[in-house]
Amino acid sequence: MPATLTRRRACSERSRKARRPQLEPRTLLVPIAAARQVVEEASFWLGVALPGRYAAGLAFRAQIIYAHSPSFREKLDRPGSAGRDLLYVFMRHWLAARLQVERPRLFARLPRGYCVGEPLPLRSPHPRQRPLVASIRYPTKLDC
């Protein structure tokens, strides 16, 4: 194949990518931060450390779908925090699907609503994983 054809393809590929809407420049959303939060939340709730590649995969998926899907863009471009909340819903759904394929035992421990993007309950079903709460006693006038 001549070099001019490969250069032409490379230029057309770059210009086509440049025309696609990008998630971070067009919105205030940072997909990797949202993905890390969703993975850490699920990891803490399950009591198992999930790999960081899950967060990277969720962020990449959000960026690709945003670039190619007008309906997804419309949902995330909503005013206020509605777009951010929907991004979290989608990421929870994608994480649940990935766990169902790769780690079915962990998926079975998730609440049913997590598959459709509902947030996790406040309390983990694993009592050994509860966070420690420190109580600080402030001195009063009676202590002096």
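Count residues from 1 along the sequence.
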| side-chain contact (heavy atoms from CB on, under 4.5 Å) involving Arg53 - partner list, sequence neighbours excluded | Pro51, Arg98, Glu102

| task | Kindly say whether Val116 contributes a backbone atom to a donor-acceptor pair with the side chain of His93 at under 3.5 angstrom? | result | no

| query | What is the distance from atom CG of Leu120 to atom CZ of Arg92, rounded to the nearest 0.5 Å? | reply | 7.0 Å

| Is any side-chain heavy atom of Leu99 closer than 4.5 Å to a side-chain heavy atom of Tyr114? | no

| query | So, for Ala62 and Pro31, which heavy atoms are closest and what is the spacing to 0.1 Å? | reply | CB-CB, 4.4 Å

| note | CZ of Arg105 to CG of Leu46, rounded to nearest 0.5 Å, is 14.0 Å

| query | Rounded to the nearest 0.5 Å, what separation is found between the CZ atom of Phe107 and the CG atom of Leu95? | reply | 10.5 Å

| note | d(Leu76 CG, Leu86 CG) to nearest 0.5 Å is 6.5 Å

| Heavy-atom pair of closest approach, residues Ala55 and Ala35 | O-CB, 3.2 Å

| Hydrophobic cluster mates of Phe60, side-chain heavy atoms under 4.5 angstrom, ILVMFWY only, any path? | Ile64

| request: Classify the ring geometry between Phe90 and Phe72 as parallel (under 30°), tilted (30 to 60°) or perpendicular (over 60°). | output: perpendicular

| So how far is it from Met91 CE to Arg61 CZ, rounded to the nearest 0.5 Å? | 10.5 Å

| Are side-chain heavy atoms of Tyr88 and Glu41 found at a separation under 4.5 Å? | no

| Contact summary for Ala34 and Leu87, nearest pair of heavy atoms | CB-CD2, 4.0 Å

| Are Trp45 and Pro111 close enough that some pair of their side-chain heavy atoms sits under 4.5 Å apart? | yes

| remark: Taking every heavy atom of Ala67 against every heavy atom of Arg73, the minimum-distance pair comes out as O-NH1, 3.1 Å

| message | What's the separation between atom CZ in Arg36 and atom CG in Leu58, rounded to the nearest 0.5 Å? | response | 12.0 Å

